[in-house]
Amino acid sequence: MKSLFVAATGMDAQQTRIAVISNNLANITTTGFKAGRAIFEDLLYETVNEPGAESSTGVTRPAGLQIGSGAKIVSTPSIFNQGVLEQTGREFDVAIEGNGFFQVQLPNSEIGYSRGGALAVNADGELVTQAGDTILPSVSGLTGVTNLEIGVDGTVSGIPQGQTDVTQLGTINVFIFPNPAGLKSIGRSTYLSNAASGESQQVTPGTQGSGTLRQGFLEGSNVNVAEELIRMVLAQRAFEMNSKVVRTSDEMMNAMNQMR
Amino acid sequence: MFTALSGKSAIFKQMQVIANNLANMNTAGFKAEKILFEKALKQESVVEGSLSKEIASPNQLRPHDFVQIRGSIADLSQGAIETTHNPLDVAVDGEGMFVIQTPDGERYTRSGEFILNQEGTLVTQQGFSVMGQGGAITLGGGLAEIREDGRVYSNGVEVGQLRIAQVEAKDLIREAGQKFKLAEGASAQEVVNVKVRGGAVESSNVNAVKELTDMIFASRLFESMEKVNDSNTKMQQARNSVFGKPSA
């Protein structure tokens, strides 16, 4: 009874899907979090008869006979639609409204990408993320700056310590990707670029299809709770249907064993 | 006794097809497999889809009614289109399939969850190039967009138009990864007026209710066959007790 194993692959894949859904639900209040989605793929097929092949009686078969062996999950990319913008009023909070990511210097010298805009100033006067990663290209000399303003196009200006005039201090750029779904998630709402995501392009916020910056706002998680709950119910039912196949196959085997 | 046996092997095959369909309820671009039945003795009738259409009720079974599987065919009906917001996800709206290039030649798929490879070429989840009107499609940096007519834009510049080919279900041979190969001698027809939906994927077209009903029916039919076997055995036992065991 191969159907037992076929159903088992289905149950396994649904279980992984539920894990993705639970991670989404656990992150409904995580700033800059992007919901994940499980992508399924079918497995190998056993071709019993090829379509158009001749049968033993010399008749051409109008259709082949192919029997599949189940499903698996191939990838779990994030969905990068906009999260809700929440007003915080904090001058170092910046949300990206539209496409794009902040580029950050990770502690292990890798370059990461994030939409988490709860920024701060480190001891060297550089603009950093909440995790302490420096924003690239770096905006520095921010120690003691007052009246900080971040424009929609990323221009950072303010009054430096000991001065009275507003000065432009730097620019925050955003980075866009041809395929953000291909980015590798490393947690902390941070991603690494790779071949699947394509090369990043550095642009001024608001140009070339990228989003603009909103000072005083944070981007909430884009998890849609109602949608995720529905997906969870669907996954659970799909799991049950697959387990029903296991049960039915088992009953058939049982009936066979009773055969006299 | 042997008719019951042939029916049982048909049911095992059907169970496996049902199991595979149900396992792929959430596989984007997956097309449900339908089994074609025929009565073993009367070769003329071919019924698409389900055992229950062929036999009204398991109680009306007569031994010569047992069915054989003639073959199986993909149900190419449209699956629901689900928005994903991923720029490289694309669903075919209407008939036709994406053409992809594998080391073994061209293949066809409805699964449009595309990504980029190392060279920036549009590929499937398995890494096979997605074919455009002028060959593989390569994207540069910047935003990507796939428009309704299948034109692919990279950073606002057109880099290719997706090729969609129309194929007949009977000519398709399934391969892993929701792709199909053409049967020998069959050909695909290019679709001129391409219609696709970017930022969306086509869900599996498996109808869970139909699959579950078929499974229940298959298991009941199986039980009936066991009963036929059982009564055959009893009849033989009765005959043996009256006439003695047949000598050969």
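Letters A, B, ... are given to chains in the order of the sequence lines, protein chains preceding strands, and every chain is numbered from 1.
- For Asp42(A) and Lys179(B), the salt-bridge test fails: no basic side-chain N is under 4.0 Å from an acidic carboxylate O.
- Interface residue Val201(B): only side-chain heavy atoms are found under 4.5 Å from chain A.
- Contacts between Glu33(B) and chain A at a heavy-atom distance below 4.5 Å involve the side chain alone, from C-beta outward.
- Residue Asn86(B) touches chain A through its side chain alone, counting heavy-atom pairs closer than 4.5 Å.
- Note that CG of Asn26(B) and CD1 of Ile73(A) are 8.5 Å apart. Values are rounded to the nearest 0.5 Å.
- Taking CD of Gln178(B) as the start and CG of Leu43(A) as the end, the distance is 9.5 Å to the nearest 0.5 Å.
- With respect to chain B, the highest number of heavy-atom pairs below 4.5 Å among Met241(A), Glu199(A), Gln66(A), Lys72(A) belongs to Gln66(A).
- Contacts between Ile216(B) and chain A at a heavy-atom distance below 4.5 Å involve the side chain alone, from C-beta outward.
- Contact annotation for Met215(B): both backbone and side-chain heavy atoms come within less than 4.5 Å of a heavy atom of chain A.
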_Step-by-step salt bridge (charged side-chain N to carboxylate O under 4.0 Å, His left out) determination, Arg37(A) to Glu113(B)_ = CA-CA 12 Å; Arg37(A) 193 167 65 94; Glu113(B) 292 168 313; 3.6 Å; yes
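- Using a 4.5 Å cut-off between heavy atoms, Ser154(B) does not touch chain A at all.
- At a threshold of 4.5 Å between non-hydrogen side-chain atoms, the residues Asn99(A) and Leu143(B) count as touching.
- When heavy atoms are compared at a cutoff of 4.5 Å, Ile173(B) approaches chain A by way of both its backbone and its side chain.
- Asn179(A) places no side-chain N or O within donor-acceptor distance of the main-chain N or O of Ile115(B), the cut-off being under 3.5 Å.
- Only the side chain of Asp89(B) comes within less than 4.5 Å of a heavy atom of chain A; its backbone N, CA, C and O stay farther away.
- Between atom CD1 of residue Ile18(B) and atom OG of residue Ser3(A) there is a gap of 9.0 Å, rounded to the nearest 0.5 Å.
- When the candidates Pro180(A), Ser75(A), Ala195(A), Gly10(A) are compared by the number of heavy-atom contacts under 4.5 Å with chain B, Ala195(A) comes out ahead.
- Of all the listed residues (Gln14(A), Gln201(A), Met11(A), Met252(A)), the one sharing the greatest number of non-hydrogen pairs under 4.5 Å with chain B is Met252(A).
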